[in-house]
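Structure first, commentary second.
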Amino acid sequence: MAALRAAKQALRKEIKRRVAALSDQEKLRQSHVISHKLFRHPRYASCKRIAVFLSMHDEVRTEEIIQDLFKCGKTCFIPKYQTSSNHMDMLKMNSLQDMEALPLTSWNIRQPADDDNAREEALATGGLDLILMPGLGFDRSGNRLGRGKGFYDTYLERCMKHPGGKPYTIALAYKEQLCQEIPVDDNDVLIDEVLYEDQD
């Protein structure tokens with residue numbers, strides 16, 4: 001277990017170094033390519049209730065995707081992390097303006113405030129069709145390396161207990177986040193698909 005933890009930590013460091021070397025322009029370019037791959041994806045076209053992350057500086061930019069979600073009339077959910085635990089909810093956004101008015105967290109991402117209790121939580125209602133997943137690293141088998149907090153693994157376990165079942169999961173990755181093999185344990189949930197630029 002300790003060896004696995006050490007292997008994950010070393011890989012996190014290495015991937016962070018690779019992503020940090022990318023210019024903002026290159027991150028935007030790859031993000032644009034990945035967004036348009038997603039827009040052409042049959043799963044994206046058929047899904048109505050979609051959860052999407054608001055990007056941190058080292059993650060694929062999701063602004064273009066969020067704009068498209070609202071434009072296409074899909075229902076958009078974003079994460080609300082409880083930093084004191086590994087609990088996360090996916091809360092409904094009503095519009096781009098609604099999202100832009102959210103407060104910033106210490107991680108410099110927007111999320112609903114703690115006293116913002118009126119929003120629909122995806123699993124309390126109709127579940128989710130698709131979750132767009134962040135992460136630090138991925139391999140082509142669908143293994144994911146997160147930041148070590150377990151937010152998404154825990155949330156996907158909750159999804160599996162929902163009558164709607166587990167949503168389809170697509171990770172969005174820069175090429176620099178791809179690895180030969182991600183070290184995983186039994187708690188790590190496999191991703192259905194990883195979208196990145198140089199796919200066939």
Side-chain angles (χ1 to χ4, degrees), residues 1-35 37-38 51-66 77-90 104-111 130-160 166-199:
M1 200 62 197
L4 178 71
R5 233 188 345 260
K8 285 186 171 187
Q9 277 307 99
L11 195 52
R12 282 190 185 102
K13 219 172 182 165
E14 165 61 18
I15 296 164
K16 281 181 174 174
R17 191 189 59 73
R18 292 201 305 238
V19 174
L22 292 175
S23 67
D24 287 346
Q25 200 177 354
E26 174 59 13
K27 285 182 191 167
L28 277 174
R29 190 194 65 73
Q30 284 195 44
S31 297
H32 179 74
V33 170
I34 294 160
S35 299
K37 272 195 135 137
L38 179 71
V52 60
F53 60 95
L54 304 189
S55 344
M56 298 216 286
H57 65 94
D58 55 357
E59 294 170 340
V60 168
R61 310 298 310 167
T62 54
E63 292 92 340
E64 209 175 341
I65 294 167
I66 291 162
F77 294 85
I78 66 161
K80 180 178 191 318
Y81 306 99
Q82 287 183 10
T83 44
S84 57
S85 68
N86 63 355
H87 185 86
M88 174 178 79
D89 287 318
M90 290 291 184
L104 280 171
T105 67
S106 57
W107 297 342
N108 210 30
I109 49 174
R110 295 190 182 281
Q111 74 170 24
L130 173 65
I131 300 182
L132 300 175
M133 305 272 293
L136 276 179
F138 308 93
D139 64 25
R140 287 171 176 82
S141 308
N143 291 307
R144 168 183 175 270
L145 180 70
R147 293 175 189 273
K149 300 259 196 251
F151 286 118
Y152 278 85
D153 292 324
T154 309
Y155 192 78
L156 285 170
E157 279 170 28
R158 283 170 58 204
C159 289
M160 287 172 197
K166 179 182 168 290
Y168 196 77
T169 48
I170 297 179
L172 309 177
Y174 295 125
K175 289 179 290 192
E176 290 71 15
Q177 292 177 287
L178 288 174
C179 306
Q180 279 304 108
E181 196 180 345
I182 298 282
V184 290
D185 62 25
D186 295 344
N187 297 322
D188 295 308
V189 182
L190 211 61
I191 305 289
D192 291 310
E193 211 174 320
V194 182
L195 274 194
Y196 53 95
E197 185 185 17
D198 59 349
Q199 250 167 321

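Counting begins at 1 with the first residue of the sequence. Computed from heavy atoms alone, side chains included, the values below leave out hydrogens, waters and symmetry copies.
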*Under the ring-ring contact (aromatic ring centres under 6.0 Å, His included) rule, collect the residues that match up with F53, sequence neighbours excluded.*
none

_Tell me every residue that passes side chain to side chain contact (heavy atoms under 4.5 Å, CB included) with V189, counting only those two or more places apart in sequence or in another chain._
D153, L156, M160, K166

*asked:* Quick one, S31 and V60 - any side-chain contact, counting heavy atoms below 4.5 Å?
replied: yes

*Taking all non-hydrogen atoms of both residues, which atom of R18 and which atom of C179 are closest, and how far apart?*
NH2-SG, 3.8 Å

*Which residues pass the salt bridge (Lys or Arg N to Asp or Glu O under 4.0 Å) test with E176, sequence neighbours left out?*
none

*Yes or no on side chain to side chain contact (heavy atoms under 4.5 Å, CB included) for Y81 and K149, after CA distance, side-chain angles and deciding distance?*
CA-CA 10 Å; Y81 306 99; K149 300 259 196 251; over 6 Å; no

*Does K37 reach the main-chain N or O of Y196 with its side chain, forming a donor-acceptor pair under 3.5 Å?*
yes

_L132 side, atom CG; I191 side, atom CD1 - distance, nearest 0.5 Å_ = 10.5 Å

*Could you pull out all residues at least two apart from R12 that satisfy side chain to side chain donor-acceptor pair (under 3.5 Å)?*
Q9

*Report the residues that fulfil side chain to side chain donor-acceptor pair (under 3.5 Å) with T154, sequence neighbours left out, ordered by chain and then residue number.*
N86

*asked:* For a quick test of reading the model, state the closest non-hydrogen atom pair linking Y152 to M133 and the distance between them.
replied: CD2-SD, 3.5 Å

_List the residues meeting salt bridge (Lys or Arg N to Asp or Glu O under 4.0 Å) with D89, not counting sequence neighbours, and say none if there are none._
R158

*What do the steps show when you test D58 against L22 for side chain to side chain contact (heavy atoms under 4.5 Å, CB included), and what is the final call?*
CA-CA 9 Å; D58 55 357; L22 292 175; over 6 Å; no

*Any side-chain heavy-atom pair from R144 and I182 closer than 4.5 angstrom?*
no

*Taking atom CD1 of I15 and atom CZ of F138, what is their separation to the nearest 0.5 Å?*
8.5 Å

*Evaluate the side-chain proximity of Q30 to Q177: yes if any heavy-atom separation is below 4.5 Å, no if none is.*
no

*With sequence neighbours excluded, give me every ring-ring contact (aromatic ring centres under 6.0 Å, His included) pair touching residues 5-25.*
none

*asked:* With a 4.5 Å cut-off on side-chain heavy atoms, are R140 and V194 touching?
replied: no

_For L190, side chain to side chain contact (heavy atoms under 4.5 Å, CB included) partners two or more places apart_ = N143

*Can you name the nearest heavy-atom pair linking S55 to E63, along with the distance?*
OG-OE1, 4.5 Å

*Gap separating the NE2 atom of H57 from the CD1 atom of I109, nearest 0.5 angstrom*: 10.5 Å

*Residue that, paired with I34, satisfies side-chain contact (heavy atoms from CB on, under 4.5 Å) out of T62, L195, I65*: L195

*Residues that Q111 engages under side chain to side chain donor-acceptor pair (under 3.5 Å), provided they are two or more places apart*: none

*Atom CD1 in I131, atom CD1 in I170: separation rounded to 0.5 Å?*
11.0 Å

*Go through the structure and list residues passing side chain to side chain contact (heavy atoms under 4.5 Å, CB included) with R29, not counting sequence neighbours.*
E26, V33, K175, E197

*Under the ring-ring contact (aromatic ring centres under 6.0 Å, His included) rule, collect the residues that match up with H87, sequence neighbours excluded.*
none

*Closest heavy-atom contact between M88 and Y155?*
O-CD1, 3.1 Å

*For F151 against S85, the heavy-atom pair lying closest together*: CE2-O, 3.4 Å

*asked:* Give me the atom names and distance for the closest heavy-atom approach of P183 to L11.
replied: CD-CD2, 3.6 Å

_K16: side chain to side chain donor-acceptor pair (under 3.5 Å) partners, not counting sequence neighbours_ = none

*Once you round to the nearest 0.5 Å, how far does OG1 of T105 lie from CG of L54?*
9.5 Å

